[in-house]
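The structure appears below as structure tokens.
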Amino acid sequence: MNIKLIAIGKTDDKNLQSLINDYQKRLSFYIKFDLEVIPDLKNSKNLSESQQKEKEGELILSKLSATDQLLLLDENGKSFSSIDFSEELQKKMNSGIKTVVFVIGGPYGFSEMVYAKASGKIALSQMTFSHQMVRLFFIEQLYRGFTILRNEPYHHQ
């Protein structure tokens, strides 16, 4: 199974980017992982919230293949403990899905087209985090999930 994370906008903070790179490298020992960044929309100040969501949605959907399973990182999604999330990853690997694509939306969330295509939503927290921080938190949780599945000492319960 492959895992892909799509995110809108680049990470400006060099410290955050360094941590993201570190966890991406760690994750590569367990699974094929790709982080794809869709550049911020140009002239977004001239767009309404719904127009911005629609344009971002078109860009997100253009990055998917027909067989990808799409899961949205959304504050209204299902919450998991780290152990439950690792079990969910195992189920996906056992199901024969070739690629699972997780998406961090733009500042206003997702368009209706993206919600319609998605097979589920996952919440990292009920709190709101910057989109840049969410990348780090999510990639770390993927790494933690794989260490749990391998009974490695990273996660403490």
Side-chain angles (χ1 to χ4, degrees), residues 1-24 27-28 31-82 84-93 95-146:
M1 183 175 86
N2 301 321
I3 295 179
K4 183 176 184 179
L5 175 61
I6 297 174
I8 304 287
K10 65 181 179 162
T11 301
D12 298 326
D13 187 307
K14 289 183 174 90
N15 294 316
L16 270 179
Q17 189 59 55
S18 176
L19 288 167
I20 289 167
N21 294 343
D22 179 51
Y23 279 102
Q24 278 186 266
L27 195 52
S28 71
I31 197 156
K32 185 176 182 319
F33 174 78
D34 293 307
L35 171 59
E36 186 162 350
V37 176
I38 296 173
D40 286 315
L41 294 175
K42 296 193 183 340
N43 301 319
S44 62
K45 294 193 184 340
N46 298 330
L47 301 173
S48 69
E49 285 182 23
S50 76
Q51 289 172 318
Q52 190 168 334
K53 286 195 299 189
E54 290 300 318
K55 288 194 179 297
E56 288 170 349
E58 290 167 9
L59 292 169
I60 290 166
L61 294 175
S62 75
K63 303 291 182 185
L64 303 176
S65 71
T67 59
D68 291 347
Q69 183 180 53
L70 178 63
L71 294 167
L72 307 178
L73 296 177
D74 185 287
E75 62 194 6
N76 297 313
K78 182 177 178 179
S79 294
F80 292 94
S81 70
S82 293
D84 291 341
F85 183 62
S86 72
E87 291 169 354
E88 191 67 20
L89 289 171
Q90 186 66 61
K91 285 180 196 170
K92 298 212 176 298
M93 287 188 292
S95 72
I97 295 168
K98 184 178 176 193
T99 303
V100 177
V101 179
F102 295 92
V103 181
I104 301 168
Y108 303 114
F110 300 104
S111 68
E112 290 306 315
M113 288 185 315
V114 173
Y115 279 119
K117 175 79 174 153
S119 62
K121 299 182 292 186
I122 295 175
L124 290 179
S125 172
Q126 290 183 333
M127 294 179 176
T128 301
F129 302 115
S130 75
H131 285 71
Q132 295 179 31
M133 299 281 287
V134 169
R135 291 172 205 191
L136 173 60
F137 295 159
F138 183 71
I139 294 170
E140 189 277 340
Q141 282 299 301
L142 281 174
Y143 172 72
R144 182 178 297 273
F146 283 101

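Keep in mind it's a predicted model, so treat the numbers as computed, not measured. Any value given below was found using the heavy atoms of this structure, including those in side chains, with hydrogens, waters and symmetry copies removed.
Of the N and O atoms on the side chains of S111 and E56, not one donor lies less than 3.5 Å from an acceptor on the other residue.
Contact annotation: the side chain of T11 never approaches that of V37 to less than 4.5 Å [non-hydrogen atoms, C-beta and beyond]. The shortest distance between side-chain heavy atoms of D34 and N2 does not fall below 4.5 Å. Contact check for L70 versus L64: side-chain heavy atoms found under the 4.5 Å cut-off. Two residues are said to be in side-chain contact when any heavy atoms from C-beta on lie closer than 4.5 Å; R144 and S86 fail this criterion. The closest side-chain heavy-atom distance from F146 to I3 is below 4.5 Å. Side-chain contact check for I104 versus L5: some heavy-atom pair is nearer than 4.5 Å.
Counting only residues at least two apart or in different chains, salt bridge (Lys or Arg N to Asp or Glu O under 4.0 Å) contacts with residues 63-76 comprise E36-K63. Pairs engaging residues 117-136 under the salt bridge (Lys or Arg N to Asp or Glu O under 4.0 Å) rule: none recorded [sequence neighbours left out].
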*Report the C-alpha distance between L59 and L41 in whole Å, list the side-chain angles of each, state the deciding distance to 0.1 Å, and finish with yes or no for side-chain contact (heavy atoms from CB on, under 4.5 Å).*
CA-CA 10 Å; L59 292 169; L41 294 175; 3.7 Å; yes

*Is there a side-chain contact (heavy atoms from CB on, under 4.5 Å) between K92 and L71 once you walk through the steps?*
CA-CA 12 Å; K92 298 212 176 298; L71 294 167; 3.4 Å; yes

*Going through the checks in order, is the side-chain contact (heavy atoms from CB on, under 4.5 Å) test met by L73 and V134?*
CA-CA 9 Å; L73 296 177; V134 169; 4.3 Å; yes

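Nearest heavy atoms, Y108 versus K53: O-CD, 3.1 Å. Contact record, S95 with I97: OG-CG1, 3.1 Å, taken as the closest heavy-atom pair. Across G106 and I8, no two heavy atoms sit closer than the pair N-CG1, 3.7 Å. The two atoms that bring Q52 and P107 nearest to each other are NE2-CG, 3.7 Å, heavy atoms only. The nearest pair of heavy atoms linking Q51 to L47 is OE1-CA, 3.4 Å. The two residues A123 and G77 have their closest heavy-atom pair at CB-O, 3.5 Å.
Rounded to the nearest 0.5 angstrom, K55 NZ and I38 CD1 are separated by 13.5 Å. The structure places CZ of F80 at 4.0 Å from CD of E88, a figure rounded to the nearest 0.5 Å. In this structure, I139 CD1 and N21 CG are separated by 8.5 Å, a value rounded to the nearest 0.5 Å. If you take CG on L35 and CZ on F138, they are separated by 10.5 Å, rounding to the nearest 0.5 Å. In this structure, CD in Q126 is found 9.5 Å from CG in N76, a value given to the nearest 0.5 Å. Atoms CD and OG, from E87 and S82 in turn, are 11.0 Å apart once rounded to the nearest 0.5 Å.
Listed by chain and number, the residues in a side chain to side chain contact (heavy atoms under 4.5 Å, CB included) with F137 are L124, F129, M133 (sequence neighbours excluded). By the side chain to side chain contact (heavy atoms under 4.5 Å, CB included) test, E58 pairs with M113, sequence neighbours left out. Residues meeting the side-chain hydrogen bond (donor to acceptor under 3.5 Å, both in side chains) test with D13, sequence neighbours left out: none. Under the rule for a side chain to side chain contact (heavy atoms under 4.5 Å, CB included), S28 has no partner lying at least two apart in sequence or in another chain.
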